[in-house]
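Convention: sequence-line order gives letters A, B, ...; per-chain numbering from 1. Computed from a prediction, not measured in an experiment: that's the story for all the values here.
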2 protein chains.
Amino acid sequence: MTVQDMPRVRLHDPFWNAYRQLIREVVIPYQWEALNDRVDAAEPSHAIENFRIAAGQRQGEHHGMVFQDSDVTKWLEAVAYQLAQEADPALEATADEVISLIGAAQQPDGYLNTYFTVKAPMERWTNLAECHELYCAGHLIEAAVAYYQSTGKVALLNIARRLTDHIDQVFGPGPSQLPGYPGHPEIELALMRLYEVTGEPRYLALGRYFIEQRGQQPHYYDTEYEGRGHTFYWPSHGPAWMIKDKAYSQAHAPILKQDKAVGHAVRLLYLYTGVAHLAQLTGDAEQAAACRRIWDNLTQRQLYVTGGVGAQSYGESLTCDFDLPSDTAYAETCASVALVMFARRMLELSPEGRYADVLERALYNTVLAGMALDGRHFFYVNPLEVHPATLAGSHRYDHVHAVRQRWFGCACCPPNIARLLGSLEDYVYLQREDSLYVHLYVGGDLDFIMAGERWQLSQRSDYPWNGRIDFELSGTPQGGIFFTLALRLPDWCPAPSVCINDKAVDLSSRVSDGYCHLRREWRTGDRVVLHLPMPVQRLRAHAEVRQLAGKVALQRGPLVYCLEQVDNGPALHNLSLPPSAEFHTLHGRALLPQIVQLEAEGHRRNAGVATSPYQALYRHDASPPQASPQRLTFVPYFAWANRGEGEMRVWVDEG
Amino acid sequence: MTVQDMPRVRLHDPFWNAYRQLIREVVIPYQWEALNDRVDAAEPSHAIENFRIAAGQRQGEHHGMVFQDSDVTKWLEAVAYQLAQEADPALEATADEVISLIGAAQQPDGYLNTYFTVKAPMERWTNLAECHELYCAGHLIEAAVAYYQSTGKVALLNIARRLTDHIDQVFGPGPSQLPGYPGHPEIELALMRLYEVTGEPRYLALGRYFIEQRGQQPHYYDTEYEGRGHTFYWPSHGPAWMIKDKAYSQAHAPILKQDKAVGHAVRLLYLYTGVAHLAQLTGDAEQAAACRRIWDNLTQRQLYVTGGVGAQSYGESLTCDFDLPSDTAYAETCASVALVMFARRMLELSPEGRYADVLERALYNTVLAGMALDGRHFFYVNPLEVHPATLAGSHRYDHVHAVRQRWFGCACCPPNIARLLGSLEDYVYLQREDSLYVHLYVGGDLDFIMAGERWQLSQRSDYPWNGRIDFELSGTPQGGIFFTLALRLPDWCPAPSVCINDKAVDLSSRVSDGYCHLRREWRTGDRVVLHLPMPVQRLRAHAEVRQLAGKVALQRGPLVYCLEQVDNGPALHNLSLPPSAEFHTLHGRALLPQIVQLEAEGHRRNAGVATSPYQALYRHDASPPQASPQRLTFVPYFAWANRGEGEMRVWVDEG
């Protein structure tokens, strides 16, 4: 596939264009400053400096995480997507300089990693379980693919290929090769992308090797641990914990034997993104089934209503079925970015609306919540309930911030948001034979080829605030062509309807797997209007989720809402929403313009009266405390914490 | 004071006699086996062996905690209380042998600690912040005082005095002395006891020095840390965390500047037990006020309804005001034992019922919950909600067990229960001038002297199951003597009443500070009946406690109740108690005989119906799930987890 052959989408969407403008004008320049240690309020990154030192251009020590290189390549990937949207010669020149620097840091044999090159050149490939060499390679490959696709330039792609060829020599089943695989998956999905762009079957085979070797016995983590004399890199949870706790990195069993979503959330989701892509490329039904098992367990047992993944800070990891505490949630921004990537691969394996429903939930809620409306502040973790006054007092909240931070020592999340939002085009449509699937309602113009003819599909809406979406087809074909336009009917929409050229369509026979399949002879000028009414809905959790018994969350369209102290006063836990309460929507006020807020008449429990000052904490009282009427105001979860520090809560007591 | 002068109480109480029988027949023998490494199912203690090695009787290494010695001395203290109740020559012979062994391990200069003697003799007194030498000395002193008071034997008391004299030489303001104090308080309260028994003012002064030196600048922890070259003993939360986090051991400020209950719960409570005792002995009003500040903050802002202390596992410590999570609670058994001790000192400072109310709450709920009804299994931590299926899945529950354990590597709790229950007599009465206070309703016979005359007061009841308590006075005096019998009116009792010689007493003018003050001319044969009606009461938490909004706990008499899965089925979070529900009491069935259970008609939320299998976790549903009637059965919290593994929950949804 060449750059010219790519199906192209050009975004044209009021909601997303605003984010894209932030990415272009704020996030990418800001992150560039951060990578160069020029942001006063943030910890120095040293990431560019590490490359200079590795390239021999500077003297000095490596600083930062063992995976610090990936901050640079993820930034480059985001830049690539930006350059695909519009020319920016200055930005492209900066990126080309960075690429030259990366090339200069590459070793003669193709090896490329600043940590090991600068700090421990003799220890290359001796600690895959902990040390992220293959992870960093994966991010470099992803950047290279994106930069090539955007600009047609091959410099970074060639660097990536040299590195991959080197890795391909080092790893494999041969007698002089290492039978290893990464502790932090990422390269698997990157190799699938590299294979798609280059057509080089060795890259597909290498990704497949890493995936199929994972969790085999004798266990590679143990072998290399023995081999290097029992040293370990991460002491956080005890000696060699990351090596011993193999489920942490989903290496406790071969992929085909795994049936629960366990361990570090981002590792899990990067891994299965790669597995699903592999299964789609090879048609391997067993691997596809493994992906579905993990998907089902994750989304039906362990997913936060905001699309967040990972219930605990320990190991940034999943816990177990139906365990979804709101306040101690980890729900790393990167995990939801990765969930969006996994969902797209699942859609490519089998276009079912349930995958896109989850994709949308993660994208519009946790991923967006990861970045402030100013584009300059970020959440690494995304709990569903925050009580700022307690955060400093209890160590169980050590991972939680009540306001977004400018940057992080472990800065994986900000560039991940930038690269996902920058490549949103890749998540909207899917073409399969004579069907064009619309997964997301993101305005823009699509060029596609159907039955050999070039078509354009325009999509326009005020989504996610309004559920009317207008499509129009145009193209060059003489006469009509039969194909299927498959519009996703979101799980949250109770009564979707469709008009074609102003005539209502009977959906009863056309809906399957979460899509409305509009199969007809399409002609240029055909117009389709999809109506997705957006009533405010009460979400209730499965009866096994003990943290959420008796509580509801509100959703309108794809957006999950929350209460904030700035609108509702303190002690949000004392607010309740009567079952009969009606909702009013209102367009944003004050600091949150353009955002639809919800209002309802609720109650606030009053403080009971203690019978003595010594009974301040517990009082004997036969009757529940009186409740006063209070108007409740809800804002979209993604928009919380943009108006100073305060309490927030997604799940509210019903009653 | 000599042994003969001690006011004496002889327990005669159906409830407590059963526990005393367990202590005598099971706990003390079982713990003796454990200390000697003869319990198969438990980790070896090595505690006796350590003394043998330190005494030069065996070769070998020290094993166990740096404070392992205290397991032996706490056991000895429990034995002392047992011997005070009834002669047991075999047990006394065993104790005397242990005392000889301890004496043999004492060094020529009086120093006594097996860890340092065996393992690091050159490092004595170099790490007070972390290494428990003074803590172990405190427990040895307490055992010595108790053993002397019980048996009149001075061997252990002399060992303790030699050790204390040594410590008194090492520590103090002199130029050749160390200006230090213990990282883990305990010796302060022990020195007060030793002073009371011996009358030696140097012991009072030494305890006072430790208390007043605490938290002064330059900080002793830093000084000794520098002096020993930055070594540290406990790595658990990062290098030297225990030295740096001075609030952990309440050394962040001088006592007179402390106003919040912070840090490790047991350290806090042992420390303030000592401070309150000191303030009572010296009449220091500022120290007494400091104790009240800590008491008020602890009991009005940070105390679990079960009398548990410490909301987090991290550092076994308190968190902050109104933060009382039920499921991740630490609430160490030892902390509630220590709270009982602190409460008694507060009563001695000022006999106000609120102190005894908390004492009773801790004693009848968390302390008792620490031991199984079989006397052989123990809880170290005591959460108020346990969901066994999630314990293994989430690291936030690493400290929680759903069933009691046989012994612990850190075995501080089992002997602490034994020594508290063994000395329960010391917590029942207080004599102050011409008032005799009754704090607790524990049956038995008290000998006391009033106006120079010897009296007996008998107390009989079926407490805590029944609130009728019968008192009878007898004595030798000719004619009557004026004094005050002050009966505590518990905070939980809505309508207490009193009869003297079958005549009702008007309480209106006699109640103050939580006691009914019966001042009259008492004569031998006078009978008092106290009626404490025990309706089932709903407890509600302060409106700032966000974990408990909308929830109630049940209490009857001093007992807090809970739901268990064995009675109510799984998913206890789906049960709710209507505001109008009435309660029935019933005497125990099946495995819980003699225990009053509560029943009420409640509801169980049914599982809602998901609209698709992919919405299993969250469903859109305008109406709350239907609820089915279900009879709810509550058992006393102290008795939970005696019938196998299952869910438990104290706080239940109201609705």
Side-chain angles (χ1 to χ4, degrees), chain A residues 299-301 303 305 311-312 314-315 319-321 323 325 328 354 357 387 389-390 392-396 491-492 494 537-546 549-550 553 555 571-574 576 579 605-608 610 612-625 653-655, chain B residues 299-301 303 305 311-312 314-315 319-321 323 325 328 354 357 387 389-390 392-396 491-492 494 537-546 549-550 553 555 571-574 576 579 605-608 610 612-625 653-655:
Chain A
T299 61
Q300 294 174 32
R301 296 291 183 268
L303 184 67
V305 73
Q312 66 186 343
Y314 185 106
T319 58
C320 55
D321 290 1
D323 180 46
T328 55
R354 60 177 174 139
D357 289 337
H387 188 263
T390 307
S394 169
H395 283 283
R396 71 186 185 283
D491 61 349
W492 51 259
Q537 293 182 307
R538 287 166 194 253
L539 283 175
R540 294 165 201 285
H542 191 287
E544 288 290 317
V545 184
R546 67 198 183 290
Q555 185 171 344
L572 297 178
H573 56 277
N574 285 326
S576 64
R605 284 184 205 97
N606 299 329
S612 87
Y614 316 130
Q615 290 192 348
L617 198 48
Y618 305 105
R619 64 183 192 285
H620 301 95
D621 195 343
S623 305
D653 284 355
E654 193 172 46
Chain B
T299 61
Q300 295 174 31
R301 296 291 182 268
L303 184 68
V305 73
Q312 65 186 344
Y314 185 106
T319 58
C320 54
D321 290 359
D323 180 47
T328 55
R354 59 178 174 141
D357 288 337
H387 188 263
T390 308
S394 169
H395 284 283
R396 72 186 183 283
D491 61 349
W492 51 259
Q537 293 183 306
R538 290 168 193 251
L539 283 175
R540 295 165 201 284
H542 191 288
E544 287 292 316
V545 184
R546 66 198 185 290
Q555 184 170 343
L572 298 178
H573 56 277
N574 285 326
S576 63
R605 284 184 204 97
N606 297 329
S612 87
Y614 315 129
Q615 290 191 349
L617 199 48
Y618 305 105
R619 63 184 193 285
H620 300 95
D621 195 344
S623 303
D653 284 355
E654 193 172 45

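For the set A:Ala543, A:Gly655, A:Ala392, A:Gly315, the count of heavy-atom pairs under 4.5 angstrom toward chain B peaks at A:Ala543. Options B:Gly393, B:Ala553, B:Pro579 differ in how many heavy-atom pairs under 4.5 Å they form with chain A, and the most are formed by B:Gly393. Heavy-atom pairs under 4.5 Å with chain B were tallied for A:Asn574, A:Leu572, A:Thr319; the largest tally goes to A:Thr319. The most heavy-atom pairs under 4.5 Å with chain A, out of B:Pro625, B:Pro624, B:Ala549, come from B:Pro624. Per-residue counts of heavy-atom pairs under 4.5 Å with chain A were compared for B:Val545, B:Asp653, B:Thr328, B:Asp357; the largest is that of B:Val545. Interface summary for chain A: among B:Ala571, B:Gly550, B:Ala389, the most heavy-atom pairs under 4.5 angstrom belong to B:Gly550. In terms of heavy-atom pairs under 4.5 angstrom with chain A, the leader among B:Arg546, B:Glu654, B:Arg301, B:Arg538 is B:Arg546.
With B:Arg540 contributing its side chain and A:Asp621 its backbone, the two residues share a donor-acceptor pair below 3.5 Å. For A:Tyr314 (side chain) and B:His395 (main-chain N/O), no donor-acceptor pair under 3.5 Å exists by modelled atom type. Panel note: side chain B:His542, backbone A:Arg619; no donor-acceptor pair is recorded below 3.5 Å.
When heavy atoms are compared at a cutoff of 4.5 Å, A:Ser576 does not approach chain B at all. In this structure, the portions of B:Leu303 lying under 4.5 Å from any heavy atom of chain A include both its backbone and its side chain. In this structure, the portion of B:Ser623 lying under 4.5 Å from any heavy atom of chain A is its backbone and not its side chain. Contacts between A:Ser394 and chain B at a heavy-atom distance below 4.5 Å involve backbone atoms as well as side-chain atoms. Using a 4.5 Å cut-off between heavy atoms, A:Arg605 contacts chain B through its side chain alone, with no backbone atom that close. Heavy atoms closer than 4.5 Å to chain A are found in the backbone of B:Ala622, but not in its side chain.
Counting all heavy atoms, side chain and backbone alike, B:Val305 lies closest to A:Tyr618 at N-OH, 3.2 Å. Closest heavy-atom contact between B:Thr390 and A:Cys320: CG2-SG, 3.7 Å.
One finds the NE2 atom of A:His620 at 5.5 Å from the CG atom of B:Asp491 (value rounded to the nearest 0.5 Å).
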